Amino acid sequence: MSNTDSSISKPAFTLIEGGLNCSIPQAHKRFVSAYVTNTRLMGVLAVYAHWAVKDGGDIHQFFYIDCEETGLETCTVYRGDWNQEMQMAEQALVGGLGAQKLPLTAKTFRWLMGYWRHFNRKHNIPLPPNKDNYEFVFQKPVKLTREEKADLMRRICGEITTDYQVVNYFLMRCFGRDYVGAAYLAQEDVPLDTFDSYRKATFCKNIIDRVGPHVYLSESLIEMGGKYETIITKTTVRDLQVVDFEHCSTTPVTETEAALMLRKSEFATVYEVLMDDEDIQDNLGEFVLNTNTVMTLQPNGRLLMAYKPTNDHVNERVFMLSNDVKGVYFLTKNKELIVVAYNQPDIVEMEIGLASSPLRKYLVMTGQYELLDPVLFEFIKSDCPDFRSFISPME
């Protein structure tokens with residue numbers, strides 16, 4: 001159950017040239033450093049590796065791993081000194097994961113990458129193209145002891161402190177058919193394949209109610225292939241481990257009912273941007289890096305998703321997948337900046353952030369709105385030239 005609502009477009013493979021004369025397979029490479037995110041229980045991992053080249057110029061690799069469906073999914077490689085373009089690539093990959101970056105030794109890095117290459121081969125999933133530019137990672141197979149593997153798994157899964165985390169993560173892993181992740185949270189005799197028939201399902205929402213000592217009923221909203229279901233399960237947790245699990249019922253849900261269940265209010269603040277296109281381009285990269293946002297291009301503007309720095313939303317009685325998003329900035333081609341958050345503290349914090357950013361002297365606030373129904377993404381898909389015109393019929 002990776003972060004579906006906040007997913008980004010990931011190239012299968014990208015090689016950015018940067019001053020290295022010989023090809024990557026021919027270059028004499030020395031391992032410098034690597035890291036992996038602690039997001040294994042969210043169903044994804046981002047991995048970075050840095051290699052020094054004997055004749056000058058470095059190699060930077062970014063790997064994206066989907067632990068449920070596609071395994072080792074993408075690889076982006078940069079050649080040269082670390083720069084803002086690489087920072088942007090790193091943020092695009094890691095910024096939406098709510099992750100800590102855990103250092104890896106050369107040994108654990110090679111083992112981890114080898115594990116996911118084996119996953120792809122076992123499931124007949126193609127590796128990212130242009131393998132010559134990362135195949136050298138697998139040329140020195142290594143082995144870890146059972147204790148080393150357990151320690152790595154513990155680190156990449158992050159700290160588990162409450163029953164709510166256990167229940168939410170366990171259900172997420174089961175619906176994602178990620179039996180290794182689910183097994184990490186459960187005793188050996190707990191069934192893990194209850195939802196084996198589900199494919200590419202999204203764990204949209206979960207409401208947990210305690211019905212006994214460490215016994216929890218969950219009402220989960222699941223989307224698969226554009227159809228929705230609510231599924232009731234009962235989970236028993238002891239010492240932060242699932243010791244019993246039961247599927248109670250499944251009920252189909254209409255798209256309209258699902259929309260109501262996922263409904264959020266929007267707090268929107270709108271600004272006029274007093275900059276020309278060149279100045280916007282010059283300032284936007286720094287703003288993206290300073291606000292932990294991930295930028296994507298839309299037909300009528302630039303969309304910047306601002307993510308929360310952790311996955312604390314999993315540690316709640318009411319879990320929503322989209323709660324990893326702090327807010328959204330949308331800069332239209334008409335130079336209107338629309339800032340949206342889903343509660344008042346977050347919109348105030350985003351406004352304060354803009355007021356203290358280098359953009360502040362170019363922004364004029366033109367409106368503040370509280371909207372009971374989310375409208376920003378409908379506006380982005382529309383042909384309406386400005387936000388106020390779009391929401392006027394709703395006021």
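What you see is a predicted model; the values in this text were computed from it and never measured.
Aromatic pair Trp116/Phe63: centroids not less than 6.0 angstrom apart. Taking the six-membered ring for Trp, Tyr329 and Phe287 have ring centres closer than 6.0 Å. Checked against a 6.0 Å centroid threshold, the rings of Tyr184 and Tyr169 do not count as neighbours.
Shown here is Gln100, whose CD atom has no more than 12 heavy atoms of other residues, nucleotides or ligands within 6.0 Å.
Although no hydrogens or angles enter the test, the distance criterion places no donor-acceptor pair under 3.5 Å between the side chain of Asn300 and the main chain of Thr332. At distances below 3.5 Å, at least one donor-acceptor pair connects side-chain atoms of Glu69 with backbone N or O atoms of Lys200. Checked by atom type and distance alone, the side chain of Asn206 never pairs as donor or acceptor with a backbone atom of Phe319 at under 3.5 Å. With hydrogens and angles disregarded, no donor-acceptor distance shorter than 3.5 Å links the side chain of Glu336 to the backbone of Val270. Glu349 places no side-chain N or O within donor-acceptor distance of the main-chain N or O of Pro345, the cut-off being under 3.5 Å. Of the possible donor and acceptor atoms, one in the side chain of Lys308 sits under 3.5 Å from a partner among the backbone N and O of Asn323. A donor-acceptor pair under 3.5 Å links the side-chain atoms of Thr39 to the main chain of Val44, judged by distance alone. No side-chain donor-acceptor contact under 3.5 Å links Gln298 to the backbone of Ile380.
Linking Ile, Leu, Val, Met, Phe, Trp and Tyr residues whenever their side-chain heavy atoms come within less than 4.5 Å leaves Phe377 and Leu297 in two separate clusters. Both Met172 and Ile160 are members of a single hydrophobic cluster when ILVMFWY side chains are connected at heavy-atom separations under 4.5 Å. No path of Ile, Leu, Val, Met, Phe, Trp and Tyr side chains, each step under 4.5 Å between heavy atoms, connects Phe170 with Ile207, placing them in separate hydrophobic clusters. Cluster membership check: Leu371 does not share its hydrophobic cluster with Leu262, using side-chain heavy-atom separations under 4.5 Å among Ile, Leu, Val, Met, Phe, Trp and Tyr. Met320 and Ile231 fall into different hydrophobic clusters, defined by Ile, Leu, Val, Met, Phe, Trp and Tyr side-chain heavy atoms under 4.5 Å apart, directly or through other members.
Annotation: salt bridge (Lys or Arg N to Asp or Glu O under 4.0 Å) contacts involving residues 149-159, sequence neighbours excluded, comprise Asp151-Arg154. Evaluation of the salt bridge (Lys or Arg N to Asp or Glu O under 4.0 Å) test over residues 225-247, restricted to residues two or more places apart or in two chains, returns Lys234-Glu246. A salt bridge (Lys or Arg N to Asp or Glu O under 4.0 Å) check over residues 208-219, counting only residues at least two apart or in different chains, returns the pairs Asp209-Arg317.
The shortest heavy-atom contact between Gly181 and Leu41 is O-CD2, 3.9 Å. The two atoms that bring Val294 and Tyr307 nearest to each other are CG2-CE1, 3.8 Å, heavy atoms only. Of all heavy-atom pairs spanning Val328 and Met350, the tightest one is N-CE, 3.7 Å. The heavy-atom pair separating Val243 from Val237 by the smallest distance is CG2-N, 4.4 Å. Residues Gly96 and Asp324 come closest through the heavy atom pair O-OD2, 3.8 Å. Scanning both residues, Met261 and Val253, for their nearest heavy atoms gives SD-CG1, 4.3 Å.
A salt bridge does not link Asp346 to Lys326: none of the charged side-chain nitrogens sits closer than 4.0 Å to a carboxylate oxygen.
Looking only at side-chain heavy atoms (C-beta outward), Val180 and Tyr115 come within less than 4.5 Å of each other. Ser356 has its side chain out of reach of Arg360: every pair of non-hydrogen atoms, C-beta onward, lies at least 4.5 Å apart. The shortest distance between side-chain heavy atoms of Arg263 and Leu372 falls below 4.5 Å. Inter-residue side-chain proximity for Arg79 and Ile24 is flagged as met; some heavy-atom pair is nearer than 4.5 Å.
Using modelled atom types, one finds a donor on one side chain and an acceptor on the other under 3.5 Å when comparing Tyr179 with Asp196.
In this structure, Phe245 and Phe195 have perpendicular ring planes: the angle between them is above 60°, well past the 30° mark. Ring-plane geometry between Phe379 and Phe387 is classed as perpendicular, the angle between the planes exceeding 60 degrees on a 0 to 90 degree scale with a lower cut at 30.
Just one of Tyr134, Tyr78, Trp51 meets the side chain to side chain donor-acceptor pair (under 3.5 Å) condition when paired with Gln61; it is Trp51.
One finds the CD1 atom of Ile222 at 11.0 Å from the OH atom of Tyr228 (value rounded to the nearest 0.5 Å).
Relative to the six-membered ring of Phe136, Lys29 meets both conditions, a distance below 6.0 Å and an angle of at most 45° to the axis.
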